[in-house]
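As structure tokens, the structure follows; a few thoughts come after it.
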Amino acid sequence: MSNPDRYAVIGHPVSHSRSPYIHSRFAAQTGQSMSYTTIDAKPADFETTVRRFFAEGGKGLNVTVPHKEAALQLADELTPRARRAGAVNVLALRAGGKILGDNTDGAGLARDLLNNHRINIAGRRLLLLGAGGAARGAVAPLLGLKPSEMTIVNRNVARARELVERFSDLGSLHAIGYQDLGNDPYDLVINATAASLAGELPALPPGIVSSRSICYDMYYGRDETPFTRWALQRGCARAIMGLGMLVEQAAESFYLWRSMRPDTASVLSALTAELRA
Ligand code: NDP
């Protein structure tokens, strides 16, 4: 029997990742012979680690914090949505040894909001926290859902402004710093910062959340994140963690690698139960 095709998620830190769990279930479900592990690589080691992985026969990588912009530079070819986002969260080996970069984060988020949580964004005010790799992937798919306006807030405001320049042809988009947030509630607040990963909360004024606001943290864990806990304490309508986004973006990556669409609902409910156990 031939060896399974090798895949992995590369990040720093990465030990918390549930991607191996998800992809092993996708593989079992679709009868694919593949292995999927985690690779911890510091930013200085990212490029050599990725090149070694592919040189040694690896077929594909998911890329997570903080390497998504470095992955963009490394890829030989980009999909249109990765080029547009300026960030890559999945790499695939192509014929001739070329490395293709794609971005499935935004599609995964949009699918989770629409299909798993039935959230309609059309005509709503949307606040996006963060302007890193995950935010870059999310802006175009979110504007595609036609919010009335979308504001990007980031500590480093220049990074938020760069996203506005990149995407302002797609809808009403603004960039601000946390000190300019004000106290008007938003209909949907999406946390795309890495703050929860460090157990931190961005500097948010309480008034941005009302009893009608839906708050979504891309980060996920066994317990509430600092952001979802904060939002629940302020009486938001719903607080959601990004487990569904993780499963949906993984399914898009799986499709890129294996040309097969796995069933996400069964994997999402198994993962939710496992995290609660
Ligand atoms: P990056 O390192 O690319 O970007 C980090 C972002 O977070 C920057 O905007 C940074 O702001 C901001 N930030 C970091 N710490 C703080 C803080 N304490 N307060 C306010 N802002 C902060 O990370 P990614 O974009 O790749 O990932 C962001 C988060 O999204 C992570 O938690 C990751 O786990 C999650 N994620 C979840 C996915 C899912 O499928 N559920 C998929 C992708 C990501 P600045 O620029 O000012 O430094």
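Note that ligands are numbered from 1 as they come in the structure, with each ligand's atoms numbered from 1 the same way. These numbers were taken from a predicted model, which means no experiment stands behind them.
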* Quick one: which of L243, N154, V247, V157 has a heavy atom closest to atom 10 (C) of ligand 1? ->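 The option holding the nearest heavy atom is N154.
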
* For atom 29 (C) of ligand 1, which candidate among T193, D112, V65 provides the closest heavy atom? ->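 Among T193, D112, V65, the closest heavy atom to atom 29 (C) of ligand 1 belongs to T193.
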
Can you tell whether the side chains of [X] and [Y] come within less than 4.0 Å, N to carboxylate O?
X    : Y    : answer
E162 : R166 : yes
R84  : D169 : yes
K68  : D105 : yes

Interfacing atoms of ligand 1 (cut-off 4.0 Å, heavy-atom, [X]):
X    : result
N156 : 46 (O), 47 (O)
Q249 : 40 (O)
G130 : 9 (O)
A131 : 9 (O)
Y219 : 32 (O), 34 (O)

* To do: For atom 48 (O) of ligand 1, grab the closest protein heavy atom and report residue, atom and distance to one decimal in Å.
  =>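 Nearest protein contact, heavy atoms only, for atom 48 (O) of ligand 1 is R155 NH2, 2.9 Å.
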
* Asked: Which heavy atom of the protein is the closest neighbour of atom 43 (C) of ligand 1, given with residue, atom name and distance?
  ->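 Going by distance alone, atom 43 (C) of ligand 1 is nearest to K68 NZ, 3.1 Å.
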
* Is it the side chain, the backbone, both or neither of L246 that has a heavy atom closer than 4.0 Å to ligand 1? ->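 Both of them.
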
* Are N115 and E248 close enough that a side-chain donor and a side-chain acceptor fall under 3.5 Å? ->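 Not at all, the side chains of N115 and E248 share no donor-acceptor pair under 3.5 Å.
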
* To do: Tell me, please: is A192 in heavy-atom contact with ligand 1, that is, under 4.0 Å?
  =>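 Checking ligand 1 against A192, which is what was asked, there is a heavy-atom contact under 4.0 Å.
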
